[in-house]
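A short worksheet on the structure shown next.
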Amino acid sequence: MRTIGIMNRVLKELFRDKRTLALMFIAPILVMLLMSVIFNTNSSTDVSVGTVSVSQKLNKEMGGIKHVTVKSYDTKKDAKAAMDDEKVDAIIKKNGKNYSLTYANTDSTKTATVKLAFKNALTATSINQLKSALKQSTKATVKLQAQLQALQKQQAATSATSATAGSAAAAKQAAAKQAAVTKAKSTNHATKSSSQSTPKITNHYVYGDKNTGYFAKMLPILMGFFVFFFVFLISGMALLKERTTGTLDRLLATPVKRSSIVFGYMLSYGVLAVIQTIVIVLTTVWLLGIEVVGSMASVVVINLILALVALAFGILLSTFANSEFQMMQFIPLVIIPQVFFSGIIPLDSMADWVKDISYIIPLKYSGDAVNDIIMRGTSIFDLGFDIMILLIFLIVLTILNVVGLKRYRKV
Amino acid sequence: MGKAIIDLQHLAKKFGDQTVLKDINLTVNPGEIVGLIGPSGAGKSTVIKVTLGMEVASGGSAKVFDTTMPNRELLGRIGYMAQTDALYDSLSGLENLKFFGLMKGIAKSDMKKEVMHAAEVVDLTADLNKRVSGYSGGMMRRLSLAIALLGSPELLILDEPTVGIDPALRRQIWAELGRIRDEGRSILITTHVMDEAELVGRVALLLGGEVMAFDAPAVLKQQYGVATIEDVFLKAEGVE
């Protein structure tokens, strides 16, 4: 009952602070919009591709595509050297029938451009091949038809002259017809098989992997970051204000339980976090056109848990701050390092001991989980590990908070 | 005289190495107003904090309603008003009252009556729907007092309740405090206003973490051979 009372009060205060509210909802949208514009401007990237033992036709086809320049190299070594000098963004090498593509991948939009260009060029050349094959087979068919007609005429003539000889001739002619049809069929088959055996393409990345679509990879973490950042800051400030204005003392001078205060805060900020997450998800889906493979409800759930962790964290740290400005000082100490280890920067490239730090970063777990939901459509029930770790964070921090309020009242 | 509502015996309180309270003996009986006076830093607020159970005594005993503090449930029977106004600025006066009423455990059915009564005492009925951020300093003080009065608690602990309140209203508030006393409820009040100290039943003079004197104002004046409590205060301080 008191918990609900505290929740209502905190919500009322929050919704009357229009500016803070606007910050919570508009700032993330604005920043994400900016980021999507900055990181996804692939319309005018020029890429140069180095090719090794690739057919002239394919080279020409690729060179014809806008924003793509093709340079032919004799050996893979030469091409690699050019890539190291940042002269080419990707190398295409033909091994027999198959292609091996190596991307510098320092810029994911360039990688995507090359991939698309190569695919298009390959399709175009194979279509050409198909066309010529088709032409041949059509020619063969026409020839066959002519033969057939001739045969039929011949047959009519023979049957008119002699019935006995005719039957023999008919047998002969039938055999010929069969052969012709078989021949035509096999020609057709040949064209078919040539189109079916598409060359195998293997992709190699010098940096990162095929998932390194920059904004796409950042988005789930970014979403969590906004939720974490704002809930952390605002809830921390709110409790700090309660402490400095004396309302916390006054609240604790009533028979209210310490846990009721913590839970009241959790409920109210939980509500806020749900609304915020929904706004962010809808923005990314509708405004930025990012595909969410999994269920959006799962995304909201994960972010809700993260928000509660952020809340507990904010309340805990606010006890170490004596003013709003001191609360702000936690941003470079607490928030920024979280961003580094959350997975925005690929952890694979870090030293092992640095990587280990990421295990104590709540943002990493929510980022991983939301990443799986958005990009792979993983069900929330398969993300037990991430959720469990987040819940452990939440429970430990909440207990610390309830105990921590003892500082202000001994029971 | 019945059992004392507040009973502090040989109370001591240390914060780290710093001794704030040395040996406090203080009782508040039912139907009595006790004034706590003393210079800043004498430990008035600490006495109140220990009485409320916000802090635990380092030595001696602190009993309220014959129960050793800290005790959470007892807080429902105590009305507390802090030195700072401690109000939620973005809420209206009414919302503040209702919120603290709920926290104190006032039943929903009694809420409206309690809130209206408390607002009437401090003359805030007309401004209840205004946001506190638009209140004047005096109005905030009154609202703060109204919150302490909610639920007719058996014990009121008021820390400087009349700071910034104009004389007419101050008189009105003291009249209400008198009524509360006559109902048999008890009040512990700290004040800087010496003529207010004349109005209480007994006055405790706190100095350097000790109670220098604790008796009825008239008795104290006689003891120190002076005309007013203010002189008692000055004399006691001068002696120290």
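Proteins get letters first, then strands, A, B, ... in listed order; numbering begins at 1 in each.
In summary, the side chains of B:E160 and B:T191 do not present any donor paired with an acceptor at a separation below 3.5 Å, with no hydrogens or angles considered. For the residue pair B:S144 / A:R250, a side-chain donor-acceptor distance below 3.5 Å is found, with atom types taken as modelled.
At a 4.5 Å heavy-atom cutoff, A:L248 makes no contact with chain B through either its backbone or its side chain. If you measure heavy-atom distances from B:T51 to chain A, you find no contacts under 4.5 Å at all. Heavy atoms closer than 4.5 Å to chain A are found in both the backbone and the side chain of B:Y80.
A side-chain contact (heavy atoms from CB on, under 4.5 Å) with B:I189 holds for exactly one of B:L36, B:V34, B:L177; it is B:L177. B:Y88 pairs with exactly one of A:E13, A:K12, A:E242 by the side chain to side chain donor-acceptor pair (under 3.5 Å) rule, that one being A:E242.
Listed by sequence position, the residues of residues 299-330 of chain A in contact with chain B number zero, using a 4.5 angstrom heavy-atom cutoff.
Between A:R9 and B:E95 there is no salt bridge, since none of the side-chain N atoms of the basic residue sits less than 4.0 Å from a carboxylate O of the acidic one. Electrostatic pairing of B:E32 and B:R202 counts as a salt bridge here, judged by a charged N lying under 4.0 Å from a carboxylate O.
Ranked by heavy-atom pairs under 4.5 Å with chain A, the list B:K49, B:M69, B:E55 is led by B:E55. Contact tally against chain A (heavy-atom pairs below 4.5 Å) for B:I147, B:D89, B:N96: the top residue is B:I147. Listed options B:E73, B:R131, B:R77 were ranked by heavy-atom pairs under 4.5 angstrom with chain A; first place goes to B:R131. Each of A:T244, A:L252, A:T247 has some count of heavy-atom pairs under 4.5 Å with chain B, and the biggest count is that of A:T247.
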Are B:L143 and B:L87 close enough, and set up right, to give a side chain to side chain contact (heavy atoms under 4.5 Å, CB included), and what steps lead you there? CA-CA 8 Å; B:L143 180 60; B:L87 302 165; 3.9 Å; yes
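Side chain of B:R185 to main chain of B:P153: a donor-acceptor pair is present (N/O by atom type, distance under 3.5 Å, no hydrogens or angles). Side-chain atoms of B:Y135 come within 3.5 Å of backbone atoms of B:D127 as a donor-acceptor pair (strictly under, hydrogens ignored).
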